[in-house]
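Okay, structure first, notes after.
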Amino acid sequence: MKVINLGNRHDASFYTACELFNQIERKPESKLGLATGGTMVDVYTHFVNLLKMNDVDVSKVETFNLDEYVGLSQTHPESYHQYMQNVLFDQYPFFTASCVHVPVGDAEDLDAEAERYEQLVQESGPADIQILGIGENGHIGFNEPGTSKKSKTRVVDLTESTIRANSRYFDNEDEVPKQAISMGLSTILSAKRIILLAFGEKKKAAITKLASGVEDADVPATILYEHPNVEIYVDDAAAPDDMGREV
Ligand code: PGA
């Protein structure tokens, strides 16, 4: 597993979109593990363009999102349901609704919802590609520092660092939900292939730790060392200092 500097957000996002597109072209009934957050916005823009330009049949594609905030309705502007509608499903409205899966953050029984979601992921079989962002604290999904590598989909408490980082999407920090339903680390590792993206100076510390080669429960993304098929693409700003070669 190696961190690769693709130079800029555009190229890394386009590459990832091409990989999602190629996956569906190769296998129309592909299972895609999808992520949200600022990092992924351009990936979906390029992906939608590729789908439109090539009139791709996505009716058999199944999608599974990593996580959802607790307490937000599906139509709340900052829910991950709504994010996915905005960036993908409203832009290319040919996915089959029953094949699109996001945990329900305002379910009456949140633990039962988490269990249902985990079972759904397990029963449908491994994702062909799982895309991932990374938190400034090294989380993947909402698996915060200290998460067990055996973790499955469950209700999680967000750390101060995550609440602060995500407050940029809300009017103020108090509005950021304090909990989420998130796939666990073991759920994420069940994917066949994983592509992690990180852009910007704020991700540099997390990527530097991820590039260290030392598995550390305080940096949850380092669990990816245990996966045989992981690609990590960053822009120049998120690349560790010692990566480049003097020329
Ligand atoms: P971001 O979030 O893309 O909004 O920076 C990534 C993450 O927290 O996993």
Side-chain angles (χ1 to χ4, degrees), residues 9-10 12-70 72-107 113-133 140-142 153 169 180-183 187-188 190-197 229 231 233:
R9 174 190 283 259
H10 175 279
S13 302
F14 183 66
Y15 170 82
T16 305
C18 287
E19 290 304 280
L20 293 173
F21 167 78
N22 286 330
Q23 175 62 43
I24 298 175
E25 288 281 290
R26 274 196 305 271
K27 183 180 161 196
E29 67 283 8
S30 286
K31 295 177 203 318
L32 304 180
L34 300 181
T36 52
T39 307
M40 294 299 159
V41 171
D42 291 1
V43 173
Y44 293 118
T45 303
H46 294 300
F47 185 41
V48 166
N49 284 340
L50 289 165
L51 294 175
K52 282 183 178 166
M53 286 188 293
N54 296 282
D55 199 14
V56 178
D57 178 6
V58 292
S59 62
K60 296 200 184 78
V61 172
E62 205 165 0
T63 67
F64 295 87
N65 267 79
L66 281 170
D67 44 22
E68 176 60 285
Y69 286 120
V70 161
L72 300 195
S73 69
Q74 300 189 6
T75 54
H76 186 287
E78 292 309 328
S79 76
Y80 289 157
H81 270 92
Q82 191 58 47
Y83 172 106
M84 290 308 302
Q85 286 301 130
N86 295 345
V87 299
L88 180 57
F89 301 124
D90 286 347
Q91 304 302 323
Y92 196 73
F94 306 109
F95 288 83
T96 302
S98 59
C99 293
V100 166
H101 310 289
V102 184
V104 177
D106 61 350
E113 169 58 12
E115 210 171 303
R116 178 196 71 82
Y117 200 75
E118 176 71 22
Q119 217 166 337
L120 187 71
V121 173
Q122 297 305 336
E123 279 169 8
S124 93
D128 293 287
I129 300 183
Q130 171 70 59
I131 57 171
L132 289 179
I140 49 175
F142 276 126
T153 309
Y169 302 116
I181 294 179
S182 176
M183 280 189 195
T187 327
I188 291 172
S190 68
K192 291 183 191 165
R193 177 185 179 195
I194 295 175
I195 300 177
L196 183 146
L197 299 178
N229 195 8
E231 294 147 80
Y233 299 110

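Position 1 is the first residue of the sequence, and the numbers go up from there. Heavy-atom basis, side chains included; hydrogens, waters and symmetry copies ignored.
Checked by atom type and distance alone, the side chain of Ser190 never pairs as donor or acceptor with a backbone atom of Pro126 at under 3.5 Å. Side-chain atoms of Thr39 never come within 3.5 Å of backbone atoms of Gly133 as a donor-acceptor pair (strictly under, hydrogens ignored).
Within a 6.0 Å sphere centred on NZ of Lys27, heavy atoms belonging to other residues, nucleotides or ligands number more than 12. The 12-atom threshold is exceeded at OH of Tyr83, counting heavy atoms of other residues, nucleotides or ligands nearer than 6.0 Å. Within a 6.0 Å sphere centred on CD of Glu115, heavy atoms belonging to other residues, nucleotides or ligands number 12 at most.
Using the six-membered ring where Trp is involved, Tyr92 and Phe94 have ring planes that are perpendicular, over 60° apart on the 30 and 60° scheme.
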Apply side chain to side chain donor-acceptor pair (under 3.5 Å) to the pair Ser30 and Gln23, showing each step before the final yes or no. CA-CA 7 Å; Ser30 286; Gln23 175 62 43; 2.9 Å; yes
Is there a side-chain contact (heavy atoms from CB on, under 4.5 Å) between Phe21 and Asn49 once you walk through the steps? CA-CA 10 Å; Phe21 167 78; Asn49 284 340; over 6 Å; no
Could you walk me through whether Lys192 and Asp128 satisfy the salt bridge (Lys or Arg N to Asp or Glu O under 4.0 Å) test, starting with their C-alpha distance in whole Å, then the side-chain angles of each, then the deciding distance to 0.1 Å, before giving a yes or no? CA-CA 5 Å; Lys192 291 183 191 165; Asp128 293 287; 3.2 Å; yes
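Interatomic distance, OG1 of Thr153 versus CE of Met183, reported as 6.0 Å (0.5 Å rounding). Taking CG of Asp67 as the reference point, atom OH of Tyr80 lies at 5.5 Å (rounded to 0.5 Å). Separation of atoms CD (Glu68) and CD (Glu113) is listed at 10.0 Å; rounding is to 0.5 Å. For the atom pair CE of Met40 and CG of Leu197, the computed distance is 4.5 Å after rounding to the nearest 0.5 Å. Atom CD1 of Ile131 and atom CG of Asn65 lie 8.5 Å apart (nearest 0.5 Å). Expressed to the nearest 0.5 Å, how far CG of Leu132 lies from CD1 of Ile195 amounts to 9.5 Å.
Side-chain polar atoms of Gln82 and Thr75 form no donor-acceptor pair below 3.5 angstrom. With 3.5 Å as the limit, one finds a donor-acceptor pair spanning the side chains of Tyr15 and Glu231. Side-chain contact of Gln122 with Glu118: a donor-acceptor pair under 3.5 Å is present, judged by distance alone.
Within the 4.5 Å cutoff, side-chain heavy atoms of Leu88 are placed close to those of Leu34.
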